[in-house]
Engineer: 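A single structure is presented below for examination.
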Amino acid sequence: METKEIKAEELDPDKFIEEKVEEIRSIVGDAKAIVALSGGIDSSAATMLGHRGLGDRLRVVFIDNGLMRDGEPEQVASTFKELGVHVEIIDAQEEFFKALSGITDPEEKREAITQTFYKKVFGRLVRESGARFLLQGTIRTDIEETMAGIKRQHNILEQLGIDTEKEYGYKVIEPLRQLRKDGVRKIAKALGLPKEIYDKMPFPGPALATRIIGEVTPEKIEIVRKATTIVERELENAHAFQLMAILHQDRVTGMRNGKRAFGLQIEVRAWDSVDATKATPTILHPNTLRRLGDRITNEIPEVVSVTYNIASKPPSTMEAI
Ligand code: XMP
């Protein structure tokens with residue numbers, strides 16, 4: 001598939017869709033394909049392109065890695081059901097937590113997630129179903145940041161010299177790799193996806209694991225999941241490109257019930273950005289910040305400190321890991 005960038009302003013969505021649907025059909029031929037749907041804009045657009053091109057020969061799976069936001073797997077399945085697409089939820093929580101156990105280095109965590117996702121879970125699904133292709137929503141920014149050595153995006157394989165057919169037993173198809181987020185939004189809209197998807201905040205493939213500094217455990221995921229729900233709720237009208245709650249590893253002294261509590265810290269990040277290559281912190285009202293701090297410390301007893309990030313990307317990156 002073509003790799004040259006198509007800028008959002010140059011994009012003709014209907015023509016792009018027609019071309020990619022045709023390309024997917026011709027690559028897959030009579031074989032079967034699987035798509036890795038996470039419910040984000042990119043994988044949702046890739047799923048609809050595949051669905052248009054392949055119909056029932058496309059198996060749509062949502063991998064429940066245990067790292068998603070509250071209620072996410074069920075919500076994604078129900079949105080796609082309304083679009084006539086059946087989504088299978090695959091419970092792989094144990095495998096992911098096992099792979100992440102004891103790992104603290106950010107890039108090693110990303111690598112563990114990649115291997116569990118592509119080698120173990122998809123390797124198995126592909127073998128079971130006889131599919132020969134994996135369709136996925138990789139976009140240009142994912143490729144660039146990985147190639148620049150900034151952050152290994154979980155979905156970059158071929159570009160790093162990985163022969164997926166040899167290593168995992170299937171070929172990867174990436175119909176969106178010429179686009180950035182703003183281009184994908186146009187495609188998603190033209191594909192008839194609902195506003196809740198084409199306007200959806202980006203959410204990374206490695207999910208809440210990118211928001212835990214240090215080892216990822218089910219207990220820490222639960223804390224960051226609760227904080228994420230609060231942040232997304234409280235800031236839903238802030239018009240941010242992306243919102244996140246990050247759980248720090250260092251503890252600080254706080255107090256609970258008049259006694260010392262050496263507790264956890266949550267960092268809130270809200271970003272203004274167009275395509276995620278650069279970003280600045282969203283200006284929030286002091287009362288909003290105070291309400292966030294109160295809700296997080298009241299509703300999550302383990303947390304005694306809440307901070308708001310004021311650094312821009314670069315030199316920051318958007319996710320902490
Ligand atoms: P960073 O942290 O690199 O994030 O500044 C830029 C954008 O990319 C998202 N992101 C990812 N998306 N797989 C993805 O699908 C990943 O491994 C990944 N890492 C970061 C991030 O949420 C932000 O929108």
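For reference, positions follow the sequence shown, starting with 1. For ligands, and for the atoms within them, numbers begin at 1 and follow the listed sequence.
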Engineer: How close does the nearest protein non-hydrogen atom get to atom 11 (C) of ligand 1, and which residue and atom is it?
Structural biologist: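 Here the closest protein heavy atom is Q153 OE1, 3.0 Å.
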Engineer: To which protein heavy atom is atom 15 (O) of ligand 1 closest, and what is the distance rounded to 0.1 Å?
Structural biologist: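 For this ligand atom, the closest protein heavy atom is G205 N, 3.3 Å.
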Engineer: If you measure from atom 3 (O) of ligand 1 to every heavy atom of R211, E145, R269, which option wins on shortest distance?
Structural biologist: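 Answer by nearest heavy atom: E145.
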Engineer: Under 4.0 Å, heavy-atom basis, I'd like to know which part of P202 is in contact with ligand 1: side chain, backbone, both or neither.
Structural biologist: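 Only the side chain of P202 comes within reach of ligand 1.
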Engineer: Atoms of ligand 1 less than 4.0 Å from K313 heavy atoms?
Structural biologist: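 Near K313, meaning under 4.0 Å from one of its heavy atoms, ligand 1 has 1 (P), 3 (O), 5 (O), 6 (C).
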Engineer: So, are K4 and E10 salt-bridged, with charged N and O less than 4.0 Å apart?
Structural biologist: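 Looking at K4 and E10, the cut-off is not met.
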Engineer: Under 4.0 Å between a side-chain nitrogen and a carboxylate oxygen: does that hold for K15 and E19?
Structural biologist: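 Yes.
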Engineer: Using a strict 4.0 Å threshold on nitrogen-to-oxygen distance, state whether R69 and E232 make a salt bridge.
Structural biologist: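 The answer is yes: the pair qualifies as a salt bridge.
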Engineer: To the nearest 0.5 angstrom, please state how far the CD1 atom of I187 sits from the CG atom of D12.
Structural biologist: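 If I round to the nearest 0.5 Å, the distance is 8.5 Å.
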Engineer: Between the main-chain N or O of Y198 and the side-chain N or O of K189, is there a donor-acceptor pair closer than 3.5 Å?
Structural biologist: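 Absent.
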Engineer: Which is closest to atom 24 (O) of ligand 1 by heavy-atom distance: Q242, Q136, M318?
Structural biologist: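 Among Q242, Q136, M318, the closest heavy atom to atom 24 (O) of ligand 1 comes from Q242.
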Engineer: I'd like to know if E302 and K226 make a salt bridge, using a cut-off of under 4.0 Å between side-chain N and carboxylate O.
Structural biologist: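 Judged by the 4.0 Å cut-off on N to carboxylate O distance, E302 and K226 do not form a salt bridge.
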Engineer: Among all protein non-hydrogen atoms, which one is nearest to atom 19 (N) of ligand 1, and what is the separation to 0.1 Å?
Structural biologist: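 Going by distance alone, atom 19 (N) of ligand 1 is nearest to R110 NH2, 3.0 Å.
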Engineer: Got the closest protein heavy atom to atom 22 (O) of ligand 1, with its distance?
Structural biologist: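 Residue, atom and distance for the closest contact: E319 OE2, 2.5 Å.
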Engineer: Establish whether L54 and V21 are linked, either directly or via other cluster members, by ILVMFWY side-chain heavy-atom contacts under 4.5 Å.
Structural biologist: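 Linked, L54 and V21 end up in one cluster.
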Engineer: Is any NZ, NE, NH1 or NH2 atom of the basic residue among R269 and E319 found under 4.0 Å from an Asp or Glu carboxylate oxygen of the other?
Structural biologist: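 So R269 does not pair with E319 through a salt bridge.
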Engineer: Would you check whether K181 reaches within less than 4.0 Å of ligand 1, judged by its heavy atoms?
Structural biologist: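 The answer is no, since K181 has no heavy atom less than 4.0 Å from ligand 1.
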Engineer: Nearest protein heavy atom to atom 13 (N) of ligand 1, by residue and atom, and its distance?
Structural biologist: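 Its nearest protein heavy-atom neighbour is H154 ND1, 2.9 Å.
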Engineer: Considering only heavy atoms of K151, which atoms of ligand 1 have at least one such atom less than 4.0 Å away?
Structural biologist: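 Answer, ordered by atom number: 1 (P), 2 (O), 3 (O).
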Engineer: Suppose we measure from atom 7 (C) of ligand 1 to each protein heavy atom; which comes out shortest, and what is that distance?
Structural biologist: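 Of the protein heavy atoms, A276 CB, 3.8 Å lies nearest.
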